[in-house]
There are 2 protein chains.
Amino acid sequence: MAHITAGVEYALHCLLWLVDSPGAPLSSRDLADFQGISPSFLAKVFPKLEKAGIVASSEGVRGGYRLAKRPEAISVLAVVDAIEGEKPLFDCQEIRGRCAAFGGRPPAWATKGVCAIHAVMLRAEKAMRDSLESQTLADIAGTLERKMPPEFSEEVRRWVEERTEARIRGKA
Amino acid sequence: MAHITAGVEYALHCLLWLVDSPGAPLSSRDLADFQGISPSFLAKVFPKLEKAGIVASSEGVRGGYRLAKRPEAISVLAVVDAIEGEKPLFDCQEIRGRCAAFGGRPPAWATKGVCAIHAVMLRAEKAMRDSLESQTLADIAGTLERKMPPEFSEEVRRWVEERTEARIRGKA
DNA sequence: CATAACGCGGACTATAATGATCCGCGTTAT
DNA sequence: ATAACGCGGATCATTATAGTCCGCGTTATG
Ligand code: FES
Ligand code: FES
């Protein structure tokens with residue numbers, strides 16, 4: 001199990017599609033089907049992004065999600081925190097106070113402030129978070145656009161169209 | 001569950017005691033009892049440190065562990081890797097290749113190299129690891145020594161003595 | 001030489017988190 | 001009225017962590 005889970009990977013990949021589709025909102029089902037991931041699981045991910053103010057939702061038929069901010073204003077850290085809930089890199093058990101030499105009542109000097117080991121972990125966590133905060137959705141989208149051939153956007157548009165038509169056909 | 005687990009906290013706290021006891025080796029049982037943590041669990045942690053070349057073991061009665069290197073040569077990163085086994089911060093599921101627009105056969109440009117999102121995570125992981133690598137056991141020991149009153153080392157020595165005597169008494 | 005304190009490693013358990021599914025409710029375009 | 005939406009709760013399977021237990025080989029000590 002990794003610290004940054006699959007939910008974040010799903011979320012970021014979805015957000016990238018939202019960057020390229022500033023018009024009509026996209027439904028979480030379509031986003032899931034389009035990327036070959038679990039629709040039910042993605043449906044649990046998006047409300048977290050909405051609560052964090054990263055996406056805005058519209059209910060009802062033809063509803064779905066769109067970005068609530070400009071891509072440059074959405075850092076990767078914000079997405080990670082939205083999904084993971086600011087869980088710490090390291091969970092200190094405060095063993096320092098349990099030393100047998102204290103006999104149950106640890107002196108003040110032993111438990112005052114943050115344990116030196118814990119402090120090292122907090123510095124490492126901050127380094128990680130600073131790195132994540134320095135990258136925005138726009139940065140990633142830019143990198144990807146340089147890899148993608150220009151005609152691919154057109155292919156994607158066609159796929160979405162076909163899916164909409166398929167729904168109408170299924171109805172008839 | 002945190003990425004850096006309790007095993008690392010236990011290991012580092014034990015290693016700090018080993019720094020202060022360069023003479024006779026300390027047994028994992030004594031280290032556990034002294035710190036109020038599970039002896040059976042600590043017995044699973046130390047072999048990992050030994051395999052990583054951080055501590056050296058001596059078997060038989062009066063055996064135990066001592067540091068295999070100078071404290072300045074033991075980075076926190078080395079301890080984390082020894083316990084956690086270099087597990088990644090983020091575990092990419094390679095969803096980018098599953099896009100429905102590819103129809104099962106993703107083109108080369110889509111799967112070539114590392115995904116832009118994965119790359120961001122790898123940079124964050126590197127930042128974390130660099131931070132952990134920059135801190136050594138000696139650094140932490142130094143910080144701790146500044147907090148600890150000078151008479152405490154004496155108290156610890158006495159505790160170890162009493163425990164040895166208790167073992168002899170228990171035998172008689 | 002017998003014993004007890006060691007390290008070592010495998011099997012095992014309990015608990016929690018993750019990834020994922022299913023269902024029912026309220027909303028809304030058609 | 002219907003079907004496509006988002007929303008939230010309940011539930012499940014799998015996996016990782018934390019912890020236990022037991023038996024084996026080694027070694028100082030009496
Ligand atoms: S007590 Fe938790 S890291 Fe020292
Ligand atoms: S495919 Fe895993 S992060 Fe993009």
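All chains are named by letter (A, B, ...) in the order of the sequence lines, taking the proteins before the strands, and each is independently numbered beginning at 1.
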Other residues, nucleotides, ligands: >12 heavy atoms within 6.0 Å of E145(B) CD: no

State, without any angle test, whether Q135(B) and R123(A) hold a side-chain donor-acceptor pair at a distance under 3.5 Å. yes

Can you name the ring-ring contact (aromatic ring centres under 6.0 Å, His included) partners of F152(B), sequence neighbours left out? F102(A), W109(A)

dG8(D), OP1 or OP2 - any side-chain N/O from K51(A) closer than 4.0 Å? yes

E84(B) has an atom CD; how far is it from atom C1' of dT17(D), in whole Å? 10 Å

It should be established whether S28(A) places a side-chain nitrogen or oxygen under 4.0 Å from OP1 or OP2 of nucleotide dC5(D). no

Check: L137(A) and L12(A) side chains under 4.5 Å, non-hydrogen atoms: yes

Within this structure, what is the CD1-to-C1' distance between I37(A) and dT21(C), rounded to whole angstrom? 15 Å

Mark yes or no for whether Q35(B), through its side chain, and R96(A), through its backbone, hold a donor-acceptor pair below 3.5 Å. no

Contacts of S58(A) and V61(A) projected onto DNA chain D by closest heavy atom; the upstream (5') one is V61(A)

Return one dot-bracket line describing DNA chain C 5' to 3' (Watson-Crick or G-U wobble pairs, both distances under 3.5 Å; ( ) same strand, [ ] crossing, | another strand, . none). ||||||||||||||||||||||||||||||

Would you list the protein and nucleotides 20-23 of chain D atom pairs, both N or O, that sit under 3.5 Å from each other?
from, atom 1, to, atom 2, distance (Å)
dT20(D), OP2, S38(B), OG, 2.5
dT20(D), OP2, S40(B), OG, 3.2

